[in-house]
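Following: one structure in structure tokens, then a few remarks.
In the text below, chain A, chain B and the rest are named by the order of the sequence lines, each starting its count at 1.
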Amino acid sequence: MRWGELIRRLVLVPPTLFGVAVIVFVLLRVVPGDPIAMMIPPGASEADIGRLRALYGLDQPILQQFATWLGQVASGDFGRSISVRQRVLELLLARLPATIELALLATMIAVVLGVVAALAGILLRGRRAEWIVDGGIGMLLAIPDFLWALILLLLFGVLIPLLPISGRIDPEIDLNLRSNFYLIESVLAGRFDIAFALLHHMILPAVALALPFAALVARLLKASLAEAEDQDYAQIARARGYSRPNILLHEVFPNALIPTVALGGVQVTLLLGGTVLVERIFSYEGIGNMAIDAVINRDFPLIQGLVLTFAVLFIALNLVVDLVVTMLDPRLRYG
Amino acid sequence: MADIAVTSIATPPSRLLAGLKRGGPRLWLGAALVALLVLAAIFAPLLAPHDPLEQDLMSAQLPPAWMTGGEPAYLLGTDSLGRCVLSRLIYSARTAVMVALIAATLAAAIGVALGLLAGSFGGWVDQFISRLIDVWMAFPPVLLSIVLAAVIGAGLTSVIAAIVVVDWTRFARVIRAETMVQLTRDYAAAARVIGLSRVKLLRLEILPNLVPLLVTLLAVEMGIAILVEVILSFVGISVAGDTPTWGSMIAEGRQIVYQAPWIMALPIVCIITSVIGLNLFGDGLRHALDPVQRS
């Protein structure tokens, strides 16, 4: 991607977000389902219900509601959650770091696993054992993250009870941290006891999220490595007497990385989307878990805020990936 | 030219056989697993040893028959209400198969129609459909289907609608790109030269060449549809409460996972078998149908 293309993509961000906002907003209001009905105590009077509707602005025409909400969002105000009765922005800011930390940890695990598997596969290229690597990769790809979450929960939480299966950290631990980025802050502050306790809880959900993505990285990287290794420059280096591992690591790997990042990077969004269920399965307090509660409670302002947050994350991720590819690939940098 | 003529005469009688051979063990294993799933769904009342809703609180949370404390009457044990796990697993296949068939077919129909439109017309039609796909893809698919299913309300129709509305893009994107590729081929140009209209060109020439791709996509989509149904019923917004589904069994099993892990483990095994079966089947069919691999 060239710089001009990048600018074009940036210009398209606001309309895409606007489209997402319109779809969510209309979707939630056109179809039946009443959040007020969920929060009133039995026997509330008509007047009380009316007052509640007016409080949340639900008595106005849809267009009016949308204009009001859009104006508020533009000034950083996402409204008040109906079910939790807190400001949506506060809820998002409190929970988002948990999800970001989980997704980052999962991505790191996936990249390490994927690169190791791809290198192992390429070293075994042409031998019998290659199909073991390929078969393993195919198996990991066919099973989605939430099933891995359930399998890991059963294996390492129940059958061999090594790890905890719910929450972000043990409630009795005194955190006393300034931000909600518990893991990052505790590592930076050198409080490794807390970091270890956090990792203890995060490792199962993170691995569940990482496995299908690792398989994807491995498959893409292995194919790119195979292709790059057959190029003339690699053959020449081989003829000059460099060892195969040496060539793979220093000559072939940097070139194989570009298509892998380009194709695989976009799939990080899938990993991010996977947090919704994996957080639910492990009762992890991130925005994914909150999203399911919000939907079940028909908490319109919270759902809107959450979907918009996810959309922003998705779009941002896509842009970052394009940026990284542009920086990695000299042909695109000067193109 | 003579060579081509000879091979094309020689192929027809063995084409089906050659195709089946090309599919290889993937095709056979996949077909067997898919057949198992479909048969379980169709003959559920005959296969299930118990009524899936029948409660027997006296024998709740029994382990599978081969474990200590298990009873031969309940081969795979019972859940916390004393319902037969095996029967519930078999009846759950019905929901899974229904959702897979209907949702995948509808998503394919919409996606193929829009993909063909975008790929063949180009211009503003392509721009419009492509932008629509972009906006769609900015949603996390899982979250979107949960939101959809929740707002439409419980029931099989809403699950299917949620899957179709979310997943038509999978077909539209691929079909659009492939249509564009096929239209640049010589045979498409030749068809245009002999005066086929755009509709006829798409129907008679392009669409048949998309079939191998479409079959694979369809099989994969059926697997995805089964998974989405599992997700929705796990979250508790799928079909009505008393219909057994793999997802709701997992959700119930999660509550008592330390006491009765098999309640959660067994539906997971069913889901994985079905999804892998569908993937293998689709993959095998693609190899069997793909004209490029016909030699």
Part of B:Ile250 within contact of chain A (heavy atom distance under 4.5 Å) = side chain
A:Leu150 versus chain B, the contacting section by heavy-atom distance below 4.5 Å | both
Exceeds 12 heavy-atom contacts within 6.0 angstrom, atom CZ of B:Arg254 | yes
A:Arg219/A:Asp134 salt bridge by N-O under 4.0 Å criterion = no
Ion pair check, B:Glu221 and B:Arg170, cut-off under 4.0 Å | yes
Contact origin within B:Val275 toward chain A - heavy atom pairs under 4.5 Å | side chain
Per-residue contact mode, B:Leu227 against chain A (heavy atom under 4.5 angstrom) = both
Considering only heavy atoms and a distance below 4.5 Å, find which of A:Leu17, A:Leu313, A:Ile151, A:Ile165 pairs most often with chain B.
-> A:Ile165
Highest number of heavy-atom pairs under 4.5 Å with chain B: which of A:Leu153, A:Leu159, A:Thr269?
-> A:Leu153
Side chain, backbone, both or neither: which part of B:Val220 has a non-hydrogen atom closer than 4.5 Å to chain A?
-> neither
Which is it for A:Thr99 and A:Glu279 under the side chain to side chain donor-acceptor pair (under 3.5 Å) test, yes or no, and what are the steps along the way?
-> CA-CA 8 Å; A:Thr99 300; A:Glu279 285 181 4; 2.8 Å; yes
When the ring planes of A:Phe310 and A:Phe314 are compared, do they come out parallel, tilted or perpendicular, using 30° and 60° as the limits?
-> perpendicular
Given the options B:Ile276, B:Ile231, B:Ile271, which has more heavy-atom pairs under 4.5 Å with chain A than any of the others?
-> B:Ile231
Check whether A:Leu308 gets within reach of chain B through its side chain, its backbone, both or neither, counting any heavy atom under 4.5 Å.
-> neither
Answer yes when A:Asp293 and A:Arg280 have at least one side-chain N-carboxylate O distance shorter than 4.0 Å, and no when they do not.
-> yes
Calculate, to the nearest 0.5 Å, the distance between atoms CH2 and CG belonging to B:Trp168 and B:Leu114 respectively.
-> 5.5 Å
